[in-house]
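Structure, as structure tokens:
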Amino acid sequence: MTTKQSPEECLKLGLLLIDKGFITSEQLHTALNLQRATPPNSPDYKYLGQILVEQGYIDTQQLQFIMQKFNKKSRLGDILRRCNAITEHKLKIALAEQQKTGERLGTILLKKGMVTDETMRQALSSQLNIPYVDIKRLNIDPNLTKIVNRDYASKHKIIPISMTDTSITLAMDDPTETEVTAELEMFTRLKVNVVTSSQSAIKSAFNRLYPDETQAGPDNAGLSDENDSAPEISFDLNDDSTEELRKPQYVEAHESKRADLVVQKILSWALQKQASDVHLENMHHHMIVRFRIDGLLQEFELGSLQNDINRFHREIVSRIKILGKLDIAERRLPQDGSFRSHIVREGQKINIDFRISIIPSYYGENIVIRILDSQKAPSTIENLRFSPKLTEKMTRLFQANTGIILVTGPTGSGKSTTLQSGLLTAYRPGLKIVTAEDPIEYVYDHFMQCEVNEKIGLTFASYIRVFLRHDPEIIMIGEIRDSDTAEMAVRAAQTGHLVLSTLHTNDSLGAISRLVGLGIEPSMITSSLIGVISQRLARRVCENCAEPYTPDPELVNEFFPTPPTDIEWRRGIGCNECNHTGYRDRIAIAELWEPSYHDILLINKKAELEELRVSARDSMIPLIEEAIIKLKTGETTLDELTRIIPFSFIKDYREQLVPYRSFSAPKNKI
């Protein structure tokens with residue numbers, strides 16, 4: 001049995017590199033011919049990636065990127081087998097030992113005498129194109145301990161040996177651990193170059209660079225306090241004393257570095273708590289940091305991190321501006337920017353996008369950072385966990401060929417998520433889908449996505465005009481906010497396109513009033529509108545601390561004409577998993593209105609809104625009905641529903657359950 005790459009594996013890797021634009025077809029053909037010239041069982045046989053690097057077609061970093069992204073990372077055992085440094089039998093023994101002890105494979109192989117350190121280093125250097133450097137007598141700058149702290153270096157068996165303005169060079173015991181280099185690139189904002197050396201040399205250099213625990217540098221690659229633990233996102237961050245940092249001769253450089261580390265820690269904390277936004281608010285001589293979690297802003301006891309935030313609040317603002325490519329000298333005008341980073345979660349590199357909004361205030365600039373996790377991108381309607389009845393109707397609606405579908409609700413009600421999910425539900429091979437978004441939050445392979453930029457005239461309305469010349473079947477508009485966009489959306493629907501968009505209205509029937517207010521004739525609305533979804537987001541009961549309970553009878557009476565007997569009430573009592581709120585994550589609660597023939601007649605004759613509301617009861621799945629389903633399944637609480645659902649919705653629901661009584665609401669015109 002050979003561990004060499006098969007021709008099929010080589011070709012697959014080569015095609016990936018071509019597809020990503022790293023090499024050309026001719027370069028792949030040349031490399032494959034060079035590989036075929038050496039027998040597979042020969043010691044001189046080389047990996048395709050190694051040949052591509054040697055020929056200068058790609059560099060080592062590009063190869064590592066593609067190998068990691070497509071799960072083709074080389075493992076130490078495979079490399080040693082490829083070089084015939086160990087037998088398959090010995091490798092199996094070592095791997096079995098690793099399963100029992102959790103030790104590194106290289107350590108086990110050396111301890112059992114299955115391979116020499118020199119042989120292992122030569123194999124790594126040859127197969128990974130990584131230089132072998134004798135670091136025993138290398139004079140290493142002690143200031144490098146401020147970039148990589150002792151604990152991190154010890155855990156991953158790495159030594160920083162040199163640094164420039166743009167890069168840092170590491171000596172790694174196991175250069176196949178690309179997750180470590182990815183983390184350090186994220187933390188330091190530097191390009192990481194990797195070399196290897198003997199274990200004894202790395203150990204000796206470690207003892208020289210980090211003499212003992214008490215002398216470890218204070219300004220390390222991270223911060224923490226007594227509550228810090230983020231195993232999911234693989235942040236190795238430690239908090240040490242800032243005594244040395246306060247020495248006058250180092251203040252400017254250290255404060256800049258410390259501010260960078262504080263920003264990293266704040267973002268780490270936000271990701272750990274699964275926050276959607278981070279609010280940094282400048283006050284008099286201090287800064288407040290709040291995290292929006294499950295729709296509500298929350299403050300936490302940040303311990304020593306809060307002291308650093310207060311001390312470096314000006315530098316923190318500057319650092320965030322630099323990350324977002326904003327003007328650090330501009331402090332009078334609002335600014336918007338963005339940047340991308342990544343974390344390692346469960347062994348996978350996850351891209352995280354951060355959107356920055358800065359607004360000047362009395363005490364200084366306030367910042368809101370929106371966090372967009374690629375793993376939380378919307379999928380299809382089926383995954384939004386609506387009731388089976390609503391899911392079926394919405395799925396069918398989004399598979400229509402023509403017409404307008406609107407998603408309504410207040411800001412922060414999940415409209416964009418539902419819209420994107422509808423778009424993914426509508427997608428079928430052979431369809432052309434175009435979108436205009438402000439901004440583009442998640443990127444999809446099957447759509448042509450365009451970002452609005454009103455400064456240069458790229459508005460929603462102008463995009464629709466252009467889209468109609470691109471022969472699409474489906475057009476998605478992020479929001480209808482003006483008359484031009486509304487008119488163009490209706491025209492696109494009337495010419496045989498399926499148009500999806502959002503509106504800021506309180507309920508689904510409010511979409512009619514809103515469109516009429518934008519100058520659209522009722523007859524044009526009824527000829528194109530096929531469905532309106534209105535929704536809210538409710539916090540979900542934390543499953544970790546959920547328990548049965550009896551709600552306040554007065555609250556039950558406000559919601560129901562008679563107390564229900566088929567609901568098993570549940571609530572969360574609060575735990576570490578839910579930040580002691582009793583809730584974790586959120587669920588969408590929606591209503592769906594598909595205008596009936598009678599509804600259309602009422603809209604065309606400009607009937608009163610209340611008359612249309614009564615008629616729509618037969619053509620609508622009301623939001624309150626979905627909310628009660630969530631109560632019955634124990635997913636949320638009555639307190640949460642009364643917080644997010646307008647009282648008018650509850651009143652209308654009660655009136656449908658009891659004999660009709662006088663209705664004294666003002667008679668609004670559509």
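These values consider heavy atoms only, across backbone and side chains, with no hydrogens, waters or symmetry-generated copies.
For Asn366, the side-chain contact (heavy atoms from CB on, under 4.5 Å) test picks out Glu281, Asn282, Ser361, with sequence neighbours left out. Take Ile456 and apply the side-chain contact (heavy atoms from CB on, under 4.5 Å) test, not counting sequence neighbours, and it matches Asn453, Leu458. Glu365 meets the side-chain contact (heavy atoms from CB on, under 4.5 Å) test with Val317, Lys321, Arg331, Ile358; sequence neighbours excluded. Scanning for salt bridge (Lys or Arg N to Asp or Glu O under 4.0 Å) contacts around Glu392 gives an empty result, with sequence neighbours left out. For Arg469, there are no salt bridge (Lys or Arg N to Asp or Glu O under 4.0 Å) partners, not counting sequence neighbours. By the ring-ring contact (aromatic ring centres under 6.0 Å, His included) test, Tyr444 pairs with Phe447, sequence neighbours left out. Partners of Arg370 by side-chain contact (heavy atoms from CB on, under 4.5 Å), not counting sequence neighbours, listed by chain and number: Asp277, Arg355, Leu372, Glu441. With sequence neighbours left out, the salt bridge (Lys or Arg N to Asp or Glu O under 4.0 Å) criterion links Glu454 to Arg481.
Using a 4.0 Å cut-off between charged side-chain N and carboxylate O, Glu591 and Arg536 make no salt bridge.
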Chi angles and distances behind the side-chain hydrogen bond (donor to acceptor under 3.5 Å, both in side chains) call for Glu626, Ser387: CA-CA 7 Å; Glu626 284 290 303; Ser387 69; 2.4 Å; yes
Run Asp471 and Lys432 through salt bridge (charged side-chain N to carboxylate O under 4.0 Å, His left out) and show every step you take. CA-CA 7 Å; Asp471 189 30; Lys432 176 69 172 287; over 6 Å; no
Could you please spell out the steps behind the side-chain hydrogen bond (donor to acceptor under 3.5 Å, both in side chains) verdict for Tyr463 and Thr435? CA-CA 9 Å; Tyr463 267 125; Thr435 75; over 6 Å; no
Set out, in order, the CA-CA distance, both residues' side-chain angles and the distance that settles side-chain hydrogen bond (donor to acceptor under 3.5 Å, both in side chains) for Glu521 and Ser523, then state yes or no. CA-CA 5 Å; Glu521 288 294 323; Ser523 60; 5.3 Å; no
Given Glu382 and Thr395, is the side-chain hydrogen bond (donor to acceptor under 3.5 Å, both in side chains) satisfied, shown in steps? CA-CA 8 Å; Glu382 291 181 353; Thr395 300; 5.1 Å; no
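Between Ile477 and Thr502 the shortest side-chain heavy-atom distance does not fall below 4.5 Å. Residues Pro522 and Thr526 have side chains not in contact (no heavy-atom distance under 4.5 Å, counting atoms from C-beta outward).
The CE atom of Met488 lies 9.0 Å from the OG1 atom of Thr485; values are rounded to the nearest 0.5 Å. The distance from atom CD of Gln420 to atom OG1 of Thr380, rounded to the nearest 0.5 Å, is 13.0 Å.
Not a single donor-acceptor pair under 3.5 Å links the side chain of Ser268 to the backbone N or O of Gln264. In terms of modelled atom types and a separation under 3.5 Å, the side chain of Ser528 and the main chain of Met524 share a donor-acceptor contact.
Applying the side-chain hydrogen bond (donor to acceptor under 3.5 Å, both in side chains) definition to pairs two or more places apart or across chains, those involving residues 537-552 are Arg539-Glu640, Arg540-Glu635, Glu543-Arg570. Within the structure, the salt bridge (charged side-chain N to carboxylate O under 4.0 Å, His left out) test picks out the following pairs touching residues 486-509 (sequence neighbours left out): Glu487-Arg491, Asp507-Arg613.
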Which pairs would a plain distance check flag for residues 291-300, meaning a side-chain donor or acceptor within less than 3.5 Å of a matching protein atom at least two apart in sequence or in another chain?
residue	atom	partner	partner atom	Å
Arg292	NH1	Gly295	O	2.8
Asp294	OD1	Asp585	N	3.1
Asp294	OD2	Asp585	N	2.9

Side-chain donor-acceptor distances from residues 400-412 under 3.5 Å, at least two apart:
residue	atom	partner	partner atom	Å
Thr408	OG1	Thr505	OG1	3.4
Thr408	OG1	Ile533	O	3.3
Thr408	OG1	Ser534	OG	3.4

